[in-house]
Amino acid sequence: MSETSPQNLTGLPDLPLPEDTANLRFGPDLSPALLGLLPLVGVWRGEGEAHEPGKGDYRFGQQIVVAHDGGDYLIWESRSWRIDQDGNYAGPDARESGFWRIDANDEVELILTHAGGAIEVYYGKPRNQISWELGTDVVVRTSAGSISGAAKRLYGIVSDPDRAGGDLAYVEERSAGEGDFYPARSARLQRYIG
């Protein structure tokens with residue numbers, strides 16, 4: 001225990017496999033099967049706005065890590081936190097992890113597990129080389145999970161005249177059960193790594 005007490009998650013060594021990488025310049029080569037998702041790879045940070053039915057609107061900070069290990073999938077980790085009017089941390093928010101895939105017919109698959117007690121399976125297509133539109137096919141929640149209906153997401157790399165490469169922007173719409181879709185989240189994130 002004395003050897004492990006000062007360690008934390010960052011840079012865990014000694015596994016007999018390549019480390020995940022969010023920078024295409026390092027680590028294993030990206031699988032050719034993932035070229036249609038290549039612009040997503042990186043670490044993205046920024047802010048956004050969210051709406052919760054019955055609770056209202058709020059701002060959040062977010063980090064999304066899109067990495068790979070040479071396999072035919074991308075690894076997705078999203079962590080967000082509420083921020084106050086001054087942009088300071090005000091508490092935890094949504095957290096999700098999962099995997100992206102794309103097949104030879106450009107069918108995109110996104111599998112997400114949410115800390116709030118839900119699993120979602122999205123399918124969609126690229127709109128072009130730098131944007132992807134997805135919608136849920138299946139939403140499963142645990143008995144303690146929050147009630148959530150179908151969802152739609154649109155991701156895209158948007159240009160920024162002040163930075164090369166562009167930002168990752170997205171919008172998410174959700175339905176509360178069987179109802180109409182409402183704007184749930186949107187954000188614009190700058191590339192931090194990659």
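Residue numbers start at 1 and run along the sequence shown.
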Output for pair (Leu154 CG, Ser131 OG), nearest 0.5 Å, gives 6.0 Å
Compare every heavy atom of Asp72 with every heavy atom of Arg101, then report the nearest pair and how far apart it is. CG-O, 3.7 Å
Neighbour count above 12 (heavy atom, 6.0 Å) for Glu52 CD: yes
Counting distance only, does the side-chain N/O of Asp69 pair as donor-acceptor with the main-chain N or O of Gly71 below 3.5 Å? yes
Side-chain contact, heavy-atom cut-off 4.5 Å: Leu189 with Asp167? no
Within the 4.5 Å heavy-atom criterion, are Glu120 and Thr136 side-chain neighbours or not? yes
Side chain to side chain contact (heavy atoms under 4.5 Å, CB included), that's the test. Do Arg188 and Val158 meet it? Break it down for me. CA-CA 9 Å; Arg188 184 168 180 154; Val158 295; 3.5 Å; yes
Distance to the ring centre below 6.0 angstrom and angle to the axis at most 45 degrees; does that hold for Arg174 and Tyr182? no
Heavy atoms of Pro28 and Thr21 approach each other most closely as CD-CG2, 4.1 Å
Tell me whether Arg59 is salt-bridged to Glu49, with the criterion being a basic N under 4.0 Å from an acidic carboxylate O. no
Which pair of heavy atoms, one from Ala150 and one from Val139, lies closest together, and at what distance? CA-CG2, 4.4 Å
Taking only Lys NZ, Arg NE, NH1 and NH2, and the carboxylate oxygens of Asp or Glu, determine whether Lys125 and Glu109 approach each other closer than 4.0 Å. no
Return the CD to CZ distance between Glu19 and Phe26, rounded to the nearest 0.5 Å. 12.0 Å
Asn128 (side chain) donor-acceptor with Ile130 (main chain) under 3.5 angstrom: yes
Of all heavy-atom pairs linking Gly42 and Arg191, the shortest is CA-NH1, 3.8 Å
With heavy-atom distances below 4.5 Å as the criterion, would you say the side chains of Val171 and Glu173 are in contact? no
Give, for atom OG1 of Thr113 and atom CD1 of Ile119, the distance between the pair rounded to the nearest 0.5 Å. 5.0 Å
I'd like to know if Tyr123 and Leu110 are part of one continuous hydrophobic network [Ile/Leu/Val/Met/Phe/Trp/Tyr, side-chain heavy atoms within less than 4.5 Å]. no
Donor-acceptor check, side chain of Arg185 to backbone of Phe60, threshold 3.5 angstrom: yes or no? no
For the backbone of Gly70 and the side chain of His68, can you confirm whether one donor and one acceptor N or O come within less than 3.5 Å of each other? yes
Is it the case that the side chain of Ser80 and the backbone of Asp93 share a donor-acceptor pair, with hydrogens and angles ignored and the cut-off at 3.5 Å? no
Just so I know, are the side chains of Ser78 and Arg95 near enough to count as touching, which here means a heavy-atom distance under 4.5 Å? no
Side chains of Phe99 and Ile75 in contact at under 4.5 Å (non-hydrogen atoms): yes
In terms of relative ring orientation, are Tyr170 and Tyr155 parallel, tilted or perpendicular, with 30° and 60° separating the classes? tilted
Closest non-hydrogen contact found for Gly36 with Trp132 is O-NE1, 3.0 Å
Which of these passes ring-ring contact (aromatic ring centres under 6.0 Å, His included) with Trp76: Trp44, Trp100, Tyr122? Trp100
Just checking, any donor-acceptor pair under 3.5 angstrom between side chains of Gln63 and Arg79? no
Approximate separation, where rounding is to 0.5 Å, of Lys152 NZ and Glu133 CD: 8.0 Å
If you round to the nearest 0.5 Å, how far is CG of Leu112 from CD of Glu77? 10.0 Å
Any non-hydrogen side-chain atom of Leu168 less than 4.5 Å from a side-chain atom of Gln190? no
Glu96 versus Ile64: any side-chain heavy-atom pair under 4.5 Å? no
So which atom in Tyr192 and which in Arg45 form the shortest heavy-atom distance, rounded to 0.1 Å? CZ-NH1, 3.2 Å
Is any side-chain heavy atom of Leu74 less than 4.5 Å from a side-chain heavy atom of Leu34? yes
May I ask you to decide if Arg25's main-chain N or O and Asn23's side chain share a donor-acceptor pair within less than 3.5 Å? yes
